[in-house]
Amino acid sequence: MAEKQHKGLVARWLEGKERSEEYARSTLPTSRWALFWDIFKGRFGKLMLTNLLMLLTILPLLAVIIFRYLSLTVQGTNAVFGAGLMVGYPVVPDITGTAEYMVFQSDLLFFGMMIVCSLIAALGISGGAYIIRNLIWTEGIFVANDFVRGIKRNYLNVLEALLFFTIILFVARTMGNLSDYLVAIGAPASGWMIASKIVGYIIVAFSLLVTMWMIALGINYKQGPFALFRNAVVMTVGTFPQTIFFVALASWPIFLALFTSGIFMIIAVVILMLFGISYFFLVWMDYTQWAFDRFVNPSKGFATGRGLYNKDKSNQPAPKAPAQDMDSAAMREYKRMIVAQGKSKLICRPIKPLDDDIEVYQLPDSFSREDLRLLKESKVAIEEDVKAYEEEHKNDEQYVEYNKQFEERERALREEEAGQKKKKKDPRPPKMLNKR
């Protein structure tokens, strides 16, 4: 057994520990926490670009929130509220419930506009979350191309999730404002009004968790609208404590921006503009990948631990090949382009190197038929020598392996195209997502 070479201090300092194989393996992420940090520090530029694309589609929703705040502030300075204090005109003898009714009317408009804005926000979320999922899978991505591809694949699922949440929020807010108004004017059964308002807020909080799972499930699996909602509810209830923790961990910049003021709000807004939205989905998609590896992928035959380095591969069974729809579309397009260009003539067959004395006969300035004959014979000799070399080395491992891989890739592409032509119904989604 060869002994390990001991190097001096200066040699180790000059060479650096990055050249060590053990160091290289030790830097690979082996847990979801390590994978999050590896993506955050190593792909920060892509996260910022993805954040910008998502921010552009969320701007209408942010504008509605800002306009609602300004509208309520302006209406709060209305002269009606100064009646009886020699400020307002005309004098309103009783303004009981006026403020609550004003908020009720304003929220009918602005929370209804949020439902419309979700149609636009779904564009950015479907594309951005798809990019972040591919980053977690450690696949090569092209931000612009994958953003558009994510919209085409996931828009309807994300739209369903956002419409579900915004409609629940609209109904709960409307009922809560109506309860405030009825309590303010002294309507009977005010206790039930307050209780209904509290129940509404609880339903909104639970709906937010279900919405997040609907987005994650819709981006990772093919399923119908009813199956998507049902499975999201199952995952929310089954992982309720972890879901609350990771939603809170992911959304702290959003809560700072919405519910604080001063320096904290400014910091939160800057974070959201630079990378806050990408950070939110990176935390959430990383956590949901852990949940899918534990509860879904093993029973469905999908690969687990994607993006993670397995230290002990000898004791682990080889993962099954992922479903065709879970491959990177950009990588499939790259493979299709390689097949379309054909085999490389420089790689698929042996080429004789120029390391011998065979040369092409050089014609003199004044040549005869004999010189032409010698020229032709030299060319024929070179061709025969090249063919003999190719025949001798055609079974070398490197050429056999390349041709085998190319034929397999070509056959897989033909099967894929043939499968796309066949019109078959998609398999029915699972009724429940249970741990195996």
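Along the sequence shown, the residues carry numbers beginning at 1.
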**OP:** Would you please classify the geometry between the Phe40 ring and the Trp37 ring as parallel, tilted or perpendicular, with 30° and 60° separating the classes?
**Re:**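 Parallel, since the angle between the ring planes stays under 30°.
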Original post:
Would you call the rings of Tyr101 and Tyr181 parallel, tilted or perpendicular if under 30° counts as parallel and over 60° as perpendicular?
Top reply: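 Judged by the thresholds at 30° and 60°, the geometry between Tyr101 and Tyr181 is tilted.
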Within a strict 4.5 Å, meaning less than it, do heavy atoms of the [X] and [Y] side chains meet?
{"X": "Thr243", "Y": "Trp284", "answer": "yes"}
{"X": "Arg43", "Y": "Asp38", "answer": "no"}
{"X": "Phe206", "Y": "Val210", "answer": "yes"}
{"X": "Trp137", "Y": "Asn220", "answer": "yes"}
{"X": "Leu135", "Y": "Leu47", "answer": "yes"}
{"X": "Leu282", "Y": "Ile136", "answer": "yes"}
{"X": "Val103", "Y": "Arg173", "answer": "yes"}
{"X": "Met214", "Y": "Glu160", "answer": "yes"}

Is there a donor in the side chain of [X] and an acceptor in the side chain of [Y], or the other way round, less than 3.5 Å apart?
{"X": "Trp252", "Y": "Tyr279", "value": "yes"}
{"X": "Gln223", "Y": "Asn231", "value": "yes"}
{"X": "Tyr221", "Y": "Asn157", "value": "no"}
{"X": "Trp213", "Y": "Thr288", "value": "no"}

Do [X] side-chain atoms and [Y] backbone N/O form a donor-acceptor pair below 3.5 Å?
{"X": "Ser278", "Y": "Phe275", "result": "no"}
{"X": "Thr239", "Y": "Gln242", "result": "no"}
{"X": "Asp107", "Y": "Asn177", "result": "no"}

Got more than 12 heavy atoms from elsewhere within 6.0 Å of [atom1], [X]?
{"X": "Met193", "atom1": "CE", "value": "yes"}
{"X": "Phe264", "atom1": "CZ", "value": "no"}
{"X": "Phe67", "atom1": "CZ", "value": "no"}

Original post:
Taking the six-membered ring for Trp, are the ring centroids of Phe229 and Phe164 within less than 6.0 Å of each other?
Top reply: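 Yes, the ring centres sit under 6.0 Å apart.
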Subject >> Sub-6.0 Å ring centroid separation between Phe111 and Phe170 >> reply: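 No - the distance between ring centres of Phe111 and Phe170 does not fall below the 6.0 Å cut-off.
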Between atom [atom1] of [X] and atom [atom2] of [Y], what is the distance when rounded to the nearest 0.5 Å?
{"X": "Leu258", "Y": "Leu272", "atom1": "CG", "atom2": "CG", "answer": "8.5 Å"}
{"X": "Thr57", "Y": "Ile151", "atom1": "OG1", "atom2": "CD1", "answer": "8.0 Å"}
{"X": "Ile219", "Y": "Asn154", "atom1": "CD1", "atom2": "CG", "answer": "5.0 Å"}
{"X": "Leu55", "Y": "Met273", "atom1": "CG", "atom2": "CE", "answer": "6.5 Å"}
{"X": "Ile266", "Y": "Ile271", "atom1": "CD1", "atom2": "CD1", "answer": "12.0 Å"}
{"X": "Leu169", "Y": "Leu162", "atom1": "CG", "atom2": "CG", "answer": "12.0 Å"}

Shortest non-hydrogen contact from [X] to [Y]?
{"X": "Val269", "Y": "Ala257", "answer": "CG2-CB, 4.4 Å"}
{"X": "Ala250", "Y": "Pro253", "answer": "O-CD, 3.7 Å"}
{"X": "Ala172", "Y": "Gly200", "answer": "CB-O, 3.8 Å"}
{"X": "Thr166", "Y": "Leu163", "answer": "OG1-O, 3.3 Å"}
{"X": "Phe281", "Y": "Ala129", "answer": "CD2-CB, 4.2 Å"}
{"X": "Ser31", "Y": "Leu308", "answer": "O-CD2, 3.4 Å"}

**OP:** Measure from NZ or CZ of Arg294 to the centre of the six-membered ring of Trp290, then state whether that distance is under 6.0 Å and the direction lies within 45° of the axis.
**Re:**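 Negative - Arg294 is either too far from the ring of Trp290 or too far off its axis.
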**OP:** Check the pair Phe240, Ile244 against side-chain contact (heavy atoms from CB on, under 4.5 Å), reporting the backbone distance first and the verdict last.
**Re:** CA-CA 6 Å; Phe240 193 71; Ile244 292 179; 3.2 Å; yes
**OP:** Take Arg68 and Met113, measure what side-chain contact (heavy atoms from CB on, under 4.5 Å) needs, and give me the verdict at the end.
**Re:** CA-CA 10 Å; Arg68 175 184 178 274; Met113 291 175 62; over 6 Å; no
**OP:** Using salt bridge (Lys or Arg N to Asp or Glu O under 4.0 Å) as the criterion, list what pairs up with Lys46, not counting sequence neighbours.
**Re:**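 Testing Lys46 for salt bridge (Lys or Arg N to Asp or Glu O under 4.0 Å), a comparison that skips the adjacent residues, returns none.
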Original post:
Considering residues at least two apart in sequence or located in another chain, which fulfil the salt bridge (Lys or Arg N to Asp or Glu O under 4.0 Å) criterion with Arg32?
Top reply: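 Result, salt bridge (Lys or Arg N to Asp or Glu O under 4.0 Å) vs Arg32: Asp286, Asp293.
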Original post:
Are Arg306 and Glu139 within salt-bridge range, i.e. N to O under 4.0 Å?
Top reply: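 A salt bridge links Arg306 with Glu139.
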**OP:** Evaluate the criterion ring-ring contact (aromatic ring centres under 6.0 Å, His included) for residue pair Phe36 and Trp33; output intermediate values, then yes/no.
**Re:** CA-CA 5 Å; Phe36 163 81; Trp33 295 99; 7.7 Å; no
**OP:** Could you check Ile267 against Leu256 for side-chain contact (heavy atoms from CB on, under 4.5 Å), going step by step and ending with a plain yes or no?
**Re:** CA-CA 8 Å; Ile267 294 174; Leu256 281 182; 6.0 Å; no
**OP:** Show your reasoning for whether side-chain contact (heavy atoms from CB on, under 4.5 Å) applies to Leu119 and Leu159.
**Re:** CA-CA 6 Å; Leu119 301 175; Leu159 178 61; 3.3 Å; yes
